[in-house]
Amino acid sequence: MIDLHTHSAASDGTDTPAELLAIAAAAGVSVLALTDHDTTAGWAEAAAALSVLGSAGGRAGMTLVRGAEFSTESPDGRGGTVTAHLLGYLFDPGHPEIVAEQERLRTSRRDRVRAMGERMAADGLLVDGEALLARLAPDSPAGRPHLARALVDAGVVPTVGAAFDGLLRKGGPYYVEKENTPIAAAIAMIRAAGGVAVYAHPFARRRGPVVDGSVLRELAATGLDGVEVDHPDHGPDDRAALRALAEEEGLLVTGSSDYHGANKTTPIAAETTAPAVLDALVARATGAEVLAG
Ligand code: AMP
Ligand code: FE
Ligand code: FE
Ligand code: ZN
């Protein structure tokens with residue numbers, strides 16, 4: 001079982017990287033990618049946890065693919081833009097451009113959580129963005145899931161999902177935009193750092209407007225390696241359309257859970273990637289090693 005998209009508490013998941021690996025191993029995952037938003041801060045702990053897992057019980061070890069989910073902005077193919085997530089795998093985490101850009105985006109994320117918290121506080125909602133940020137690592141990529149959890153803890157909403165559907169929704173009264181990287185620049189940056197780039201959940205429609213297929217075709221011609229087809233937010237028709245497009249454009253097709261621990265209901269390995277696709281991604285990457293436990 002190969003799951004190429006998961007989050008730890010280094011971004012907006014709820015499990016530490018070590019806990020995430022243990023959960024994955026217990027679920028029978030053989031290859032796990034750690035893809036926190038706009039950070040590689042969880043890589044070291046995940047790598048250390050892998051060696052501990054590998055030495056336990058004589059079980060076949062798990063393999064760790066280190067990556068990240070980059071916050072980007074993409075042309076929508078209709079003259080406008082949409083926010084887009086781009087998975088980068090096996091890039092050099094010390095590449096100066098990536099270091100600087102991830103830092104810029106994380107700063108913007110914290111400013112935005114602060115601003116959304118202030119808007120909510122002004123309306124009497126019991127959310128203190130500043131206190132929330134103080135509980136996170138100083139340079140962490142804070143996001144709406146952290147605000148959602150604070151709203152749940154304050155008894156304002158019953159679940160994280162309800163917070164996203166209501167108070168925190170894009171275009172809602174408390175929504176503030178954050179900085180993103182133009183997607184073509186993000187693809188170039190990941191590849192320059194020896195990594196491979198996969199467009200994450202391109203047709204996740206419940207999050208807002210999505211790209212036209214024409215954009216994926218253009219990105220395929222300019223360095224995009226693959227597209228995430230099997231994702232919990234994709235319906236059957238969209239999966240079929242994406243699969244056909246990927247076939248025509250020579251894009252690799254991945255599947256993954258986008259596991260976020262208790263911040264989402266999806267279990268780890270709810271969707272998976274074919275071994276041949278993993279092999280192709282790894283064969284193209286030169287920025288970081290796949291780690292065997
Ligand atoms: P942000 O990037 O801060 O705007 O928040 C988006 C993040 O929240 C992404 O990581 C999504 O995976 C997560 N997310 C989006 N919609 C939902 C939802 N309905 N329930 C839980 N998490 C969500
Ligand atoms: Fe997330
Ligand atoms: Fe995403
Ligand atoms: Zn994700």
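As the structure lists them, so they are numbered: ligands from 1, and atoms in each ligand from 1. All residue numbers in this chain count up from 1 along the given sequence.
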* May I ask you to say whether E179 pairs ionically with R109, meaning some side-chain N is under 4.0 Å from a carboxylate O? => no
ask   = Between R205 and D233, does at least one N-O distance fall below 4.0 Å, as a salt bridge requires?
value = no
Between R106 and D139, does at least one N-O distance fall below 4.0 Å, as a salt bridge requires? yes
In E69, the N/O/S atom nearest the Zn ion (ligand 4) carries the name OE1
query: Taking distance alone, with no angle check, do R144 and ligand 1 share an N/O pair under 3.5 Å?
result: yes
Within the 4.0 Å heavy-atom cut-off, what M116 brings close to ligand 1 is neither
R66 vs E289, salt bridge (charged side-chain N to carboxylate O under 4.0 Å, His left out): CA-CA, chis, key distance, verdict: CA-CA 8 Å; R66 292 166 294 173; E289 301 274 296; over 6 Å; no
Task: Short N or O distance, D165 and ligand 1, threshold 3.5 Å exclusive - done: no
*asked:* So, 4.0 Å and heavy atoms of R206: is ligand 1 close enough to count as a contact?
replied: yes
> Any side-chain heavy-atom pair from V211 and F203 closer than 4.5 angstrom?
Replying inline: yes
Closest to atom 2 (O) of ligand 1 by heavy-atom distance, out of H201, K178, H37, is K178
- Ring centres of H201 and H234 under 6.0 Å apart? no
* Asked: With the threshold set at 4.0 Å, does a side-chain nitrogen-carboxylate oxygen contact exist between E177 and K170?
  -> yes
| Is ligand 1 less than 4.0 angstrom away from at least one heavy atom of E69? | no
Less than 4.0 Å between a side-chain N and a carboxylate O, is that true for E271 and R239? yes
Checklist entry - Can you tell me if an N/O/S atom from D12 lies under 2.8 Å from the Fe ion (ligand 2)? => result yes
| query | Would W43 and Y89 satisfy ring-ring contact (aromatic ring centres under 6.0 Å, His included), going step by step from the backbone distance to the final call? | reply | CA-CA 12 Å; W43 282 25; Y89 299 107; over 10 Å; no
the protein heavy atom lying closest to atom 13 (C) of ligand 1 turns out to be F164 CZ, 3.8 Å
Filtering L168, N263, V113 for the heavy atom nearest atom 21 (C) of ligand 1 leaves N263
Can you find an N or O of Y175 that's nearer than 3.5 Å to an N or O of ligand 1? no
Taking both backbone and side-chain atoms of D258, is any N or O found less than 3.5 Å from an N or O belonging to ligand 1? no
Tell me whether the NZ or CZ atom of R112 lies within the 45° cone about the ring axis of Y175 and under 6.0 Å from its centre.
yes
Would you say the Zn ion (ligand 4) has H5 as a near neighbour, meaning an N/O/S atom of that residue under 2.8 Å away?
yes
NE2 (H260) to the Fe ion (ligand 2) to NE2 (H37), nearest 10°, is 130°
When distances are taken from atom 12 (O) of ligand 1, the protein heavy atom at minimum range is K264 NZ, 2.8 Å
Atoms of ligand 1 under 4.0 Å from any heavy atom of G143, numbered from 1 in the order shown, are 3 (O)
